[in-house]
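What follows is a single structure, written as structure tokens, with notes after it.
These figures come from a predicted structure and were not determined experimentally. To find a chain, count down the sequence lines: A is the first, B the second, and so on, and within it residues start at 1.
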Amino acid sequence: MNEELTPGSAEYVAELIARLRATYPDAHCELDYETPVQLLVAVILSAQCTDARVNLTTPALFARYPTVEALAGADPTEMEELVRPTGFYRQKARYIREAAARLLAEYGGELPSEMDALLTLSGVARKSANVVRGEVFGLADGVTVDTHVKRLAMRLGLTTETDPVKVERDLMAIIPRESWIEIAHLLVWHGRRLCFARKPACSVCPLNDICPRVGVVSSQ
DNA sequence: ATCCCGAGGG
DNA sequence: CCCTCTGGAT
């Protein structure tokens, strides 16, 4: 552990972002989509599911329901079968139909950009709203906190909280606003490629000399 | 706090 | 078998 850098300090955060950016210069959202509404659907499906699996299911789903009207009017059972591989398939199919219906009823079939409006959609809470706002509108009034961001923020000493809302508050306090969108992409990519939940590859990690965890709990 | 729920890895 | 995967609603 490099003693010159205190986790949570501005210098630490700057070094963290610089290293991750150098390691993952192409970090971005890995969900496949063509339209804002398709991204919303993909994000709803991504709950507790890998992006890879979502991307295997969405082509047939989007082909079957090419419009917001089609999504809203889908036969429940048929849609459930199409989204089944992503898990929680009955809930997710219902969220998609209800969200699509609300987009039609309240927003002219378009995706609203306001956080409050997005949060009224079925199956959409802060994590999903942050993803959609960042991807579609380039806006960030928060940091996307998913399972990867939460795990890495804890390991890197950026928070001691476990509640995603509190983790987000801590990250917003120590990360410059202009990096809010990027930091989530970087942490997710790092979590998926090296800083695994179970057996992180610390020996080859570009952060291993500034990570509080390395040398503390070798098995994690 | 609990439920929703499938798929892959160790 | 248990844990994890870009959570959210009740």
Side-chain angles (χ1 to χ4, degrees), chain A residues 20 24 26-33 36 38-58 60-61 76-77 79-102 115-136 140 142-156 158-159 161-169 171-172 175 179-202 217-220:
Chain A
L20 289 174
Y24 311 110
D26 191 39
H28 62 275
C29 174
E30 296 189 84
L31 292 171
D32 296 336
Y33 65 95
Q38 287 185 351
L39 174 63
L40 178 74
V41 171
V43 169
I44 289 173
L45 293 178
S46 74
Q48 296 292 290
C49 178
T50 60
D51 283 2
R53 185 158 300 284
V54 172
N55 290 337
L56 287 175
T57 64
T58 45
L61 184 70
T77 302
M79 178 176 272
E80 285 171 8
E81 289 311 308
L82 285 168
V83 305
R84 176 188 277 270
T86 68
F88 303 147
Y89 61 95
R90 283 189 285 266
Q91 306 256 19
K92 287 177 179 176
R94 182 166 58 81
Y95 293 156
I96 291 168
R97 293 194 310 277
E98 290 179 356
R102 184 167 184 82
M115 173 67 80
D116 290 345
L118 289 168
L119 291 178
T120 68
L121 300 174
S122 308
V124 178
R126 276 200 72 85
K127 178 256 168 180
S128 297
N130 275 328
V131 169
V132 168
R133 275 173 61 79
E135 283 295 304
V136 176
V143 177
T144 302
V145 176
D146 57 42
T147 183
H148 292 302
V149 173
K150 184 174 90 168
R151 183 179 71 253
L152 270 64
M154 292 190 68
R155 286 179 175 173
L156 291 166
L158 304 181
T159 184
E161 302 288 348
T162 56
D163 173 19
V165 174
K166 294 179 179 174
V167 173
E168 181 179 4
R169 174 173 48 73
L171 293 180
M172 289 167 71
I175 294 168
S179 297
W180 283 359
I181 293 176
E182 182 183 23
I183 190 69
H185 287 149
L186 291 171
L187 291 177
V188 169
W189 273 53
H190 189 51
R192 293 184 51 180
R193 287 160 180 78
L194 288 179
C195 196
F196 309 117
R198 293 201 185 166
K199 213 177 151 191
C202 301
V217 183
S218 60
S219 64
Q220 301 182 4

Residues 115-125 of chain A, side-chain donor-acceptor partners within the protein, below 3.5 Å, at least two apart:
| unit_1 | atom_1 | unit_2 | atom_2 | d |
| --- | --- | --- | --- | --- |
| A:Thr120 | OG1 | A:Arg102 | NE | 3.0 |
| A:Thr120 | OG1 | A:Ala117 | O | 2.6 |
| A:Ser122 | OG | A:Glu98 | OE1 | 2.9 |

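One can place CG of A:Asp163 at 15 Å from P of C:dG7, the figure rounded to the nearest angstrom. Atom C1' of nucleotide C:dT10 and atom CD of A:Gln91 are separated by 9 Å, given to the nearest angstrom. Atom pair A:Leu31:CG and C:dG7:C1' shows a separation of 13 Å (rounding to whole Å applied). The distance between atom CD of A:Glu168 and atom C1' of C:dG8, rounded to the nearest whole Å, is 15 Å. Taking atom CD1 of residue A:Ile44 and atom C1' of nucleotide B:dC4, one finds them 15 Å apart after rounding to whole Å. Rounded to whole Å, the distance from CG on A:Asn130 to C1' on C:dG8 is 14 Å. In this entry the distance linking CD of A:Glu81 with C1' of B:dC5 reads 13 Å, nearest Å. Taking atom CZ of A:Arg94 as the reference point, atom P of C:dA9 lies 10 Å away to the nearest angstrom.
Comparing A:Cys29 and A:Leu119 by the nucleotide of DNA chain C that holds the closest heavy atom to each, the one mapping nearer the 5' end is A:Cys29. Judged by closest nucleotide on DNA chain C, A:Trp189 is the one of A:Ser122 and A:Trp189 placed further toward the 5' end.
A:Val124 comes within contact range of the sugar-phosphate backbone alone, with a heavy-atom separation under 4.0 Å but no base atom that close. A:Arg151 comes within 4.0 angstrom of the backbone, heavy atoms only, and of no base. Using a 4.0 Å heavy-atom distance criterion, A:Leu121 is classed as a sugar-phosphate-only contact.
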Find every protein N or O atom lying less than 3.5 Å from an N or O atom of nucleotides 6-10 of chain B, and list the pairs.
| unit_1 | atom_1 | unit_2 | atom_2 | d |
| --- | --- | --- | --- | --- |
| B:dA7 | O3' | A:Arg53 | NH2 | 2.9 |
| B:dG9 | N2 | A:Arg198 | NH1 | 2.8 |
| B:dG9 | N2 | A:Arg198 | NH2 | 3.0 |
| B:dG9 | N3 | A:Arg198 | NH1 | 3.4 |

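Looking at residues two or more places apart in sequence or on another chain, you find a side-chain contact (heavy atoms from CB on, under 4.5 Å) between A:Tyr89 and A:Glu80, A:Val83, A:Arg84. Scanning for side-chain contact (heavy atoms from CB on, under 4.5 Å) contacts around A:Arg53 gives A:Cys49, A:Thr50, A:Pro85, with sequence neighbours left out. Residues satisfying the side-chain contact (heavy atoms from CB on, under 4.5 Å) test with A:Ile181, not counting sequence neighbours, are A:Ala140, A:His185.
By the 4.5 Å heavy-atom criterion applied to side chains, A:Val136 and A:Leu40 are not counted as neighbours.
Here salt bridge (charged side-chain N to carboxylate O under 4.0 Å, His left out) pairs that include residues 188-197 of chain A, with residues two or more places apart or in two chains, are A:Glu30-A:Arg192, A:Glu30-A:Arg193, A:Asp51-A:Arg192.
Nearest heavy-atom pair, A:Leu186 versus A:Tyr24, reported as atom, atom and distance to 0.1 Å: CD2-O, 3.7 Å.
One finds no side-chain N or O of A:Ser128 lying less than 4.0 angstrom from the OP1 or OP2 phosphate oxygen of C:dG7.
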